[in-house]
Amino acid sequence: MNVRGTEHSRRASASMPSGFEPDAVAKISADLTALLADLFALYIKTKNFHWHVSGPHFRDYHLLLDEQSEQIFATTDAIAERVRKIGGVTLRSIGQIVGLQRIVDNDREFVAAQDMLAELCKDNAQLAVRLRSAHSLCDGYGDVATESLIEMWIDEAERRVWFLYEATRLGAERGE
């Protein structure tokens, strides 16, 4: 490595006094970045369903999905900024999101409202599981600030699951 590269590396590590070891920064950043990709995928899916929902409960579902998509989107900036605060790097492109996302897109031309809600319920439940896993990872490295944020995001995901589940439960019982 040349002197200039060494100097740049030294400045970069000195400019991020997070106190975390490089291994912790790398693992926590990678986990949070994958979560961030999932959140962007979930945001787009939720907006897709918000835009295309139809049927007898249109207004209620349209407003519910709009509210949930806003909450999901608000989380994205907090996650990306937390990665940067600990000294990591995060998403740079849509291509990177596509490569990391674990939430499956839904490009079907028509999806029944109850199927939309059930799919989002499942996606949010999977997100909550991944958030709990990230919480455990952060706990292992003593990253209590990220743990604290993740606890709030778990609660939000669980609330979305609850609302979506309750909105589909009666319809499923009646065969809608």
*Indicate whether the side chain of H62 and that of D66 have a donor and an acceptor atom separated by less than 3.5 Å.*
no

*For the student: nearest non-hydrogen atoms of L39 and L127, plus distance*: CD2-CD2, 3.6 Å

_Strictly below 4.0 Å, N to O, side chains only: are K47 and E70 in salt-bridge contact?_
no

*Would D123 and K45 pass as an ion pair if we require N to O under 4.0 Å?*
yes

_E158/R132 under salt bridge (Lys or Arg N to Asp or Glu O under 4.0 Å): CA gap, chis, key distance, verdict_ = CA-CA 11 Å; E158 288 173 344; R132 285 187 201 93; 2.5 Å; yes

*Does a side chain donor of either Q68 or Y43 reach within less than 3.5 Å of an acceptor in the other side chain?*
no

*asked:* Assigning hydrophobic clusters by single linkage (Ile, Leu, Val, Met, Phe, Trp, Tyr; side-chain heavy-atom cutoff under 4.5 Å), is F49 placed with V53?
replied: yes

*Run the numbers on L65 and L120 for side chain to side chain contact (heavy atoms under 4.5 Å, CB included), then give the verdict.*
CA-CA 9 Å; L65 297 177; L120 290 173; 3.4 Å; yes

*Any donor-acceptor N or O pair under 3.5 Å, side chains Q126, R102*: no

_Gap between atom CD1 of I28 and atom OG of S18 - 0.5 Å precision_ = 8.5 Å

*Taking 4.0 angstrom as the limit, do E166 and R169 come out as a salt bridge?*
yes

*Does a salt bridge link R82 with D143, judged by any charged N lying under 4.0 Å from a carboxylate O?*
yes

*H50 vs T46, side chain to side chain contact (heavy atoms under 4.5 Å, CB included): CA-CA, chis, key distance, verdict*: CA-CA 6 Å; H50 160 78; T46 304; 5.5 Å; no

_Within one Ile-Leu-Val-Met-Phe-Trp-Tyr cluster: M152 and L35, side-chain cutoff 4.5 Å_ = yes

_Same cluster or not: V104 versus L117, using hydrophobic residues (I, L, V, M, F, W, Y) connected whenever any side-chain heavy atoms lie under 4.5 Å apart?_
no

*Between D31 and K27, is there a side-chain N and carboxylate O pair less than 4.0 Å apart?*
no

